[in-house]
Amino acid sequence: MKKIDGKKIAANKLTQVKEIADKLEVEPALAVVLVGDDDASHLYVKLKEKAAKGVGVELRKYTFDKDVSKAQLQSAIEFLNNDIDTHGVIVQLPLPKHLDADEIVGLIDPEKDVDGFHKVNQQKFINNELCVYPVFPHAIMDLIDSEVSSVKNKKVVIVGKSDIFDKVMTHAFEVEGAEVKFISCINKKRLNTKEQTILNEADIIVTACGQKNFISCDYISDNTVVIDGGISKDGDKTVGDVDISDCSDRDIIISPVPGGVGPVTIACLLENITELTRQQLSKDERD
Ligand code: GUN
């Protein structure tokens, strides 16, 4: 088994992002809306803060109590949408149960949607219209590009639980000529025999379930590239969807959790905020 070094890929991207940020007339400002006291979310935001500092992006944190109302978040996001000194906004996910993530993310002005999570931007991406590359799919493609020279004609299997993620990820592969199949992990403890066969025939597997040990290496053929985008807890440990304990003697290339998709997603986020800042500055010049 070979592990893909997500930290190294992220570091290379961050060097390029810093060069772009250094040439901008202003320091890009990224607003992060952080609700509640979820440890993992606080940790991710800390990691984003550290990386942002390293490339010359100002990250402004707006923290809210876990009981915050939708109306309070709405007025905060509206303020940030209208603030010309804020170039991009993200809402750290997950949100507490009483808040609908799609609805809250949908309040962000699509022109300031740095994550590329807004439905308008995801649809634009699928339609090949100009928009930021959604960070999570972008990070997954960057990890694959580090191992595979072209995905053309490759058999790709996406194992996920979100329809929009499936559509966006499928599009990212299909524009490059890959053949994509989707397996849902919603309400499943394990894959059925037919799904195991589909997985076995894949050249590339992408998972985003957040279910520890959901995929065993027994279902994966040699020479397959596996991008594990799942995150869950196993005691104190953060783990992905793939049980790698039985993969060590196999010829499989895998992105580990932690240290795979996570750091590259942060680098993609910072790439997007510099791009949105550049777009907003050139729009201001035209107006
Ligand atoms: N929670 C886990 N990953 C992400 C991410 O990439 N963006 C946001 N907003 N929340 C997350």
Side-chain angles (χ1 to χ4, degrees), residues 6-7 9-10 13-14 17 30-52 57 59-64 66 68 73 76-77 80-81 86-97 99-110 112-122 125 131-143 160-162 164-165 168-169 172 206-212 227-233 238-241 255-273 275-276:
K7 284 189 186 164
I9 295 167
K13 192 182 260 287
L14 289 172
V17 172
L30 169 63
V32 177
V33 174
L34 177 57
V35 181
D37 38 26
D38 180 68
D39 285 346
S41 292
H42 280 261
L43 175 65
Y44 291 139
V45 172
K46 259 205 189 105
L47 294 172
K48 286 175 185 178
E49 254 176 325
K50 191 173 166 216
V57 167
L59 187 147
R60 300 179 188 152
K61 214 163 55 174
Y62 295 82
T63 52
F64 294 88
K66 63 179 187 323
V68 67
L73 281 183
I77 293 171
L80 295 167
N81 284 343
T86 299
H87 304 103
V89 182
I90 69 168
V91 175
Q92 187 65 29
L93 302 175
L95 288 171
K97 287 210 165 51
L99 297 164
D100 178 339
D102 284 343
E103 198 179 351
I104 301 296
V105 170
L107 298 170
I108 300 172
D109 176 348
K112 292 194 176 183
D113 167 35
V114 201
D115 268 328
F117 284 1
H118 195 295
K119 284 217 166 69
V120 165
N121 285 326
Q122 302 218 326
F125 182 74
C131 64
V132 291
Y133 199 141
V135 287
F136 188 50
H138 195 181
I140 288 168
M141 293 310 274
D142 279 353
L143 288 157
K161 56 183 181 182
S162 145
I164 188 72
F165 170 69
V168 170
M169 202 68 247
V206 173
T207 76
C209 296
Q211 268 173 260
K212 66 178 175 201
I227 307 300
D228 192 339
I231 296 179
S232 53
K233 279 280 168 196
T238 303
V239 295
D241 294 333
S255 71
V257 180
V261 177
V264 188
T265 305
I266 293 178
C268 291
L269 177 82
L270 295 169
E271 184 176 43
N272 283 356
I273 185 68
E275 174 55 19
L276 289 186

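All values below come from the heavy atoms of this structure, side chains included, with hydrogens, waters and symmetry mates left out. As the structure lists them, so they are numbered: ligands from 1, and atoms in each ligand from 1. If you're wondering where the values come from, they're calculated on a predicted model, not measured in any experiment.
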For the pair Tyr133 and Phe125, name the ring-plane relationship: parallel under 30°, tilted 30 to 60°, perpendicular over 60°.
tilted
What do you reckon, does Thr265 have a nitrogen or oxygen under 3.5 Å from a nitrogen or oxygen of ligand 1?
no
Looking only at protein heavy atoms, which one is nearest to atom 7 (N) of ligand 1, and how far off is it?
Asp115 OD2, 3.2 Å
Specify the protein heavy atom at minimum distance from atom 10 (N) of ligand 1: its residue, its atom name, and the distance to 0.1 Å.
Leu93 N, 3.0 Å
Main-chain N/O of Val132 paired to Asn272 side chain as donor or acceptor, under 3.5 Å:
no
When you measure from the side chain of Asn81 to the backbone N and O of Val89, does any donor-acceptor pair fall under 3.5 Å?
no
Does Thr63 use its side chain to pair, donor to acceptor, with the backbone of Leu34 at less than 3.5 Å?
no
Residue Lys233 excluded, over 12 heavy atoms near NZ under 6.0 Å
yes
Output yes when the distance from some N or O of ligand 1 to some N or O of Val135 is under 3.5 Å, and no in every other case.
no
Modelled atom types, side-chain donor and acceptor of Lys161 and Gln211, under 3.5 Å
no
May I ask you to list the atoms of ligand 1 that are less than 4.0 angstrom from any heavy atom of Lys48?
5 (C), 7 (N), 8 (C)
Pick one of side chain, backbone, both or neither for how Phe136 approaches ligand 1, counting any non-hydrogen atom pair under 4.0 Å.
neither
Please report which non-hydrogen protein atom sits nearest to atom 4 (C) of ligand 1, along with the residue it belongs to and the distance in Å to one decimal place.
Gln92 NE2, 4.1 Å
Any donor-acceptor N or O pair under 3.5 Å, side chains Asp228, Ser255:
no
Ligand-side contact atoms (ligand 1) for residue partner Val91, heavy atom cut-off under 4.0 Å:
8 (C), 9 (N)
Answer side chain, backbone, both or neither: which part of Leu269 comes under 4.0 Å from ligand 1, heavy atoms only.
neither
